[in-house]
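Taking it in order: structure first as structure tokens, then the write-up.
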Amino acid sequence: MKISDGVEMLELQIETFGSRAELNPTLIWDDETAILIDTGTPGQLEQIRAAMNEAGVSLDRLKAVILTHQDLDHIGSLPEILQEAGEGIEVYAHELDKPYIEGKLPLMKGNPDSMAWQLEGLPEDERRKVLAFLDNPPKAKVDRTLADGQELPYCGGIHVIFTPGHTPGHISLYLKKSKTLVVGDAMFSVEGSLKGPHPQSTPDMDTAFRSLKKCLDFDIETVVCYHGGLSKDNVKDQLQELVRNV
């Protein structure tokens, strides 16, 4: 889905935990570079390639991948992208999530206890498949770490906002040219309505809500949630309401 010139919200379809869902990485590009924000689950390379081609951006133009955080459905296809595209793609993430992405520490939510709410009710054979997969999660080297307030000089400027709570190293990204806020899992949305952090998958809800207050400092016209997609109606008012009691 086109957000503005050089900004596309990808719509990746997945079938997981007995139901269908959509994941929404963001693709940004200009004449010099293309950047993918988050990479879907393992095995979604071809969906990503097709979505990029539809936007008029071939995979070989990709110069960087920015990860909002360590969760499996955000880092999943990164190893395949790097293997396919070869050298020349730099991977960015916050330093606090870097060791998890690189496999030096186990993913915080990649274990049966943290995923109990998702595994509950699955048929036993499907449950076994998920647990077997968690034994060998994807991993990749992080080339550059990002910090709060940092600005990347790509595609009109990308401002890094440190938004921990969902994970210790979660970041959101403000795309200056299009006034778009890419929030990863700092929030989710339902039919354009922002709903705040997702309680079942956010270990530190207090920190997550405090993180959202930082987003009010920006002139936002559009919000892209990884789960739920696009929100563009009175988004600043929606944000203010979410953090009113924080």
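Only heavy atoms go into these numbers, but all of them, side chains included; no hydrogens, no water, no symmetry mates.
Shown here for I161 and C215, the closest heavy-atom pair between the two residues is CD1-SG, 4.5 Å. Scanning both residues, A55 and L27, for their nearest heavy atoms gives CB-CD2, 4.2 Å. Of all heavy-atom pairs between E80 and G76, the closest is OE2-O, 4.0 Å. Taking each heavy atom of T163 and A186 in turn, the nearest pair found is OG1-CB, 4.3 Å.
Residues V182 and I66 form no side-chain contact, since every pair of their non-hydrogen atoms from C-beta on lies 4.5 Å or further apart. Proximity of M52 to L62: side-chain heavy atoms (C-beta onward) are separated by under 4.5 Å at one or more points. In this structure the side chain of C155 never reaches within 4.5 angstrom of the side chain of V7, judged on heavy atoms. Inter-residue side-chain proximity for V183 and V223 is flagged as met; some heavy-atom pair is nearer than 4.5 Å. Considering only heavy atoms from C-beta on, T68 stays 4.5 Å or farther from S172 through its side chain. Taking the side chain as every heavy atom from C-beta outward, K109 and L72 never approach each other to under 4.5 Å. Within the 4.5 Å cutoff, side-chain heavy atoms of I75 are placed close to those of L107. Looking at heavy atoms from C-beta onward, D237 lies in side-chain contact with Q240 at the 4.5 angstrom threshold.
Contacts of D219 classified as side-chain hydrogen bond (donor to acceptor under 3.5 Å, both in side chains), with partners at least two apart in sequence or in another chain: K179. For R61, the side-chain hydrogen bond (donor to acceptor under 3.5 Å, both in side chains) test picks out no residue, with sequence neighbours left out. Partners of R210 by side-chain contact (heavy atoms from CB on, under 4.5 Å), not counting sequence neighbours, listed by chain and number: D206, T207, V246. Listed by chain and number, the residues in a ring-ring contact (aromatic ring centres under 6.0 Å, His included) with Y154 amount to none (sequence neighbours excluded). The salt bridge (charged side-chain N to carboxylate O under 4.0 Å, His left out) check on D5 picks up K2, with sequence neighbours excluded. K236 meets the side-chain contact (heavy atoms from CB on, under 4.5 Å) test with L216, I220; sequence neighbours excluded. Residues satisfying the side-chain hydrogen bond (donor to acceptor under 3.5 Å, both in side chains) criterion with N234, sequence neighbours excluded, are absent altogether.
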*For N24 and L12, run side-chain contact (heavy atoms from CB on, under 4.5 Å): C-alpha distance rounded to whole Å, both residues' side-chain angles, the deciding distance at 0.1 Å, then the answer.*
CA-CA 6 Å; N24 299 117; L12 306 183; over 6 Å; no
*For M187 and L212, run side-chain contact (heavy atoms from CB on, under 4.5 Å): C-alpha distance rounded to whole Å, both residues' side-chain angles, the deciding distance at 0.1 Å, then the answer.*
CA-CA 8 Å; M187 292 185 281; L212 291 183; 3.5 Å; yes
_For L82 and V91: C-alpha separation, side-chain torsions, deciding distance, then whether side-chain contact (heavy atoms from CB on, under 4.5 Å) applies._
CA-CA 9 Å; L82 296 176; V91 178; 4.1 Å; yes
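Separation of atoms CD1 (I14) and CD (E22) is listed at 9.5 Å; rounding is to 0.5 Å. Note that the CG atom of L173 and the CD1 atom of I35 stand 9.5 Å from one another [nearest 0.5 Å]. For the atom pair CD of Q44 and CG of L23, the computed distance is 5.5 Å after rounding to the nearest 0.5 Å. A distance of 4.5 Å separates CD1 in I48 from OG in S77, rounded to the nearest 0.5 Å. Atom OG1 in T26 sits 10.0 Å away from atom CG in L181 (nearest 0.5 Å). With values rounded to the nearest 0.5 angstrom, M1 atom CE is found 11.5 Å from L10 atom CG.
Cluster membership for L242 and V235, using ILVMFWY side-chain heavy atoms within less than 4.5 angstrom, is shared. Hydrophobic clustering (side-chain heavy atoms under 4.5 Å, transitive across Ile, Leu, Val, Met, Phe, Trp, Tyr) keeps M205 apart from L96. In terms of hydrophobic clustering, with Ile, Leu, Val, Met, Phe, Trp and Tyr side chains grouped at heavy-atom distances under 4.5 Å, I89 and W29 are assigned to a common cluster. Hydrophobic clustering (side-chain heavy atoms under 4.5 Å, transitive across Ile, Leu, Val, Met, Phe, Trp, Tyr) keeps Y174 apart from I171. In this structure, I37 is a member of the same hydrophobic cluster as L146, with clusters built from ILVMFWY side-chain heavy atoms closer than 4.5 Å.
Applying the salt bridge (charged side-chain N to carboxylate O under 4.0 Å, His left out) definition to pairs two or more places apart or across chains, those involving residues 28-47 are E46-R49. Listed by first then second residue, pairs satisfying salt bridge (charged side-chain N to carboxylate O under 4.0 Å, His left out) with a partner in residues 154-170 number zero, not counting sequence neighbours. Sorted by first then second residue, the salt bridge (charged side-chain N to carboxylate O under 4.0 Å, His left out) pairs that include residues 96-107, not counting sequence neighbours, are E102-K104. The salt bridge (charged side-chain N to carboxylate O under 4.0 Å, His left out) contacts involving residues 150-178 comprise E151-K176, where partners must be two or more places apart or lie in separate chains. Residue pairs satisfying the ring pair (Phe, Tyr, Trp, His ring centres under 6.0 Å) criterion with at least one member in residues 41-100, sequence neighbours excluded, are listed as follows: H69-H74, H69-H166, H69-H170, H74-Y226, H94-F162.
Listed for the D73 side chain is no donor-acceptor partner under 3.5 Å among the backbone atoms of T41. A donor-acceptor pair is defined here as one N or O able to donate and one able to accept, closer than 3.5 Å; such a pair exists between the side chain of Q150 and the backbone of A147. In terms of modelled atom types and a separation under 3.5 Å, the side chain of T180 and the main chain of T222 share no donor-acceptor contact. One N or O on the side chain of Q238 and one on the backbone of L194 form a donor-acceptor pair closer than 3.5 Å. Although no hydrogens or angles enter the test, the distance criterion places a donor-acceptor pair under 3.5 Å between the side chain of S231 and the main chain of G192. Counting only distance, with no hydrogens or angles, the side chain of S189 and the backbone of G228 share a donor-acceptor pair below 3.5 Å.
A 6.0 Å sphere centred on CD of E54 holds no more than 12 heavy atoms belonging to other residues, nucleotides or ligands.
The side chain to side chain contact (heavy atoms under 4.5 Å, CB included) test with L59 is passed by exactly one of N53, L45, L36: L45. The salt bridge (Lys or Arg N to Asp or Glu O under 4.0 Å) test with E90 is passed by exactly one of K63, R144, K141: R144.
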